[in-house]
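Below is one structure, written out as structure tokens; comments come after it.
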Amino acid sequence: MASMVKGSNLPVSAPAVRCVLRWSGGPGVPDVDASALLLDERGKVRDDHDLVFYNQPGHPSGAVSHDGKRTGAGGVTDTLTVDLSRLEPDVDRVVLAASADGGSFGQVPGLSLTVTDLAGGTVAEFAITDASVETAFVFGELYRRAGAWKFRAVGQGYDSGLSGLATDFGISVDDEPAAAAPPAPPARPAPAPTVRPAPASQAPPAPRPDGTLTPSHLPSGPPATPFVPAPATHLPSGPPEPFRPLRPTPLPGGRPPRV
């Protein structure tokens with residue numbers, strides 16, 4: 001069939017198709033990676049799994065797969081397979097795109113997209129002849145119309161690579177990993193609590209087991225009545241009397257006791 005022009009469309013009757021991106025490789029030619037995005041009726045992905053490419057080669061539904069690159073006599077190919085019959089009802093279209101690594105699509109010669117059925121019959125062909133500084137490109141899309149599928153030749157480029165293309169369709173892409181947070185300093189041990197004796201007015205010492213009070217229980221300050229010593233008793237003056245032993249008292253029977 002004749003090559004399609006940008007903006008044209010045609011019906012797709014095959015239940016599943018292969019979308020083959022082809023180019024001529026060689027020195028100085030950037031590496032090209034094909035990808036597919038599954039979009040809802042808003043034109044956005046439902047989650048990050050709706051981007052199928054070399055780092056995520058299969059959709060969870062099994063409807064879209066990235067089959068990888070091959071190099072042969074006709075150049076280099078990168079292939080995506082889309083099973084239209086297995087696409088979920090809320091998938092409104094499948095965008096067929098690619099990114100260029102190490103240069104722009106203006107440096108990629110012989111760039112084209114061919115859509116075939118699984119038996120190899122050609123459904124659509126679309127050659128890219130006006131690429132320049134783009135590092136990401138949307139070649140075409142498979143979309144629903146009145147309960148059937150159609151293919152549209154798009155030919156729209158981006159100069160922000162795969163991340164810019166993915167962001168435009170609602171995917172969060174981190175170009176560089178976030179810097180790791182510095183380790184937290186080791187926790188210092190909590191200081192031991194300082195125990196200070198409570199004032200006597202707050203914590204009076206307990207009495208002794210025998211009930212008596214310790215000196216700290218006694219009232220402080222001068223005693224209410226000062227201590228006055230008793231007057232000394234005066235002894236009689238003069239020389240002391242001589243010592244006289246006591247005479248033993250006789251016991252009954254007339255014999256004095258032994259002293």
Side-chain angles (χ1 to χ4, degrees), residues 1-26 29-39 50-54 56-59 62-87 91-101 103-132 134-145 148-158 162 165-166 169:
M1 61 174 296
S3 294
M4 298 180 67
V5 297
K6 186 183 297 187
S8 60
N9 62 77
L10 53 77
V12 177
S13 58
V17 294
R18 286 195 179 96
C19 307
V20 183
L21 185 63
R22 190 184 310 273
W23 69 95
S24 299
V29 176
D31 192 20
V32 176
D33 296 295
S35 58
L37 297 105
L38 287 70
L39 311 181
D50 283 345
L51 171 62
V52 177
F53 67 121
Y54 59 88
Q56 191 167 261
H59 190 264
V64 182
S65 63
H66 178 261
D67 301 335
K69 296 179 185 176
R70 293 183 180 180
T71 301
V76 185
T77 62
D78 199 3
T79 303
L80 296 158
T81 298
V82 181
D83 189 340
L84 301 171
S85 65
R86 296 182 65 180
L87 286 171
V91 175
D92 188 65
R93 56 191 170 118
V94 179
V95 169
L96 307 170
S99 58
D101 184 18
S104 65
F105 277 101
Q107 300 169 273
V108 182
L111 192 60
S112 67
L113 176 67
T114 302
V115 180
T116 69
D117 58 27
L118 297 187
T122 301
V123 176
E125 289 182 348
F126 179 41
I128 305 299
T129 59
D130 58 351
S132 58
E134 300 89 349
T135 52
F137 221 92
V138 175
F139 294 89
E141 63 181 7
L142 297 158
Y143 63 99
R144 295 183 192 265
R145 183 67 74 229
W149 286 95
K150 302 183 78 171
F151 173 78
R152 177 184 291 118
V154 177
Q156 178 183 348
Y158 296 75
L162 179 62
L165 182 148
F169 290 111

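Every heavy atom of this structure was used, including side-chain atoms; hydrogens, water molecules and symmetry mates were not. All residue numbers in this chain count up from 1 along the given sequence.
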- Test item: Val12 and Leu84 side chains (from C-beta on) under 4.5 Å apart, heavy atoms: yes
- At their closest point, which heavy atom of Met4 faces which heavy atom of Phe126, and how far apart are they? O-CD1, 3.4 Å
- Item | Donor-acceptor pair, side chain of Glu125 and main chain of Leu113, under 3.5 angstrom | no
- Note on the structure: CD of Glu141 to CH2 of Trp149, rounded to nearest 0.5 Å, is 10.0 Å
- Is the shortest heavy-atom distance from the side chain of Thr114 to the side chain of Arg18 under 4.5 Å? no
- Message: For Ser132, is there any backbone N or O sitting under 3.5 Å from a side-chain donor or acceptor partner on Glu134?
- Response: yes
- So, Asp33 and His66: side-chain donor and acceptor under 3.5 Å apart, yes or no? no
- From the options Val32, Thr77, Asp31, Leu21, select the one residue that forms a side-chain contact (heavy atoms from CB on, under 4.5 Å) with Lys69. Asp31
- Task: Using a 4.5 Å cut-off on heavy atoms from C-beta on, say whether the side chain of Leu162 contacts that of Phe53.
- Result: yes
- Task: Name all residues meeting the side chain to side chain donor-acceptor pair (under 3.5 Å) criterion together with Asp67; count only those two or more places apart in sequence or in a different chain, and write none if there are none.
- Result: Ser65, Thr81
- Spell out, as yes or no, whether a donor-acceptor pair under 3.5 Å connects the side chain of Arg152 to the backbone of Lys6. no
- Query: Taking only residues two or more places apart in sequence or in another chain, which ones pass ring pair (Phe, Tyr, Trp, His ring centres under 6.0 Å) with Phe105?
  - Reply: Phe137
- Message: Quick check: do Phe139 and Ile128 have side-chain heavy atoms less than 4.5 Å from each other?
- Response: yes
- Message: When you measure from the side chain of Asp78 to the backbone of Ala34, do you find a donor-acceptor pair of N or O atoms at a distance under 3.5 Å?
- Response: yes
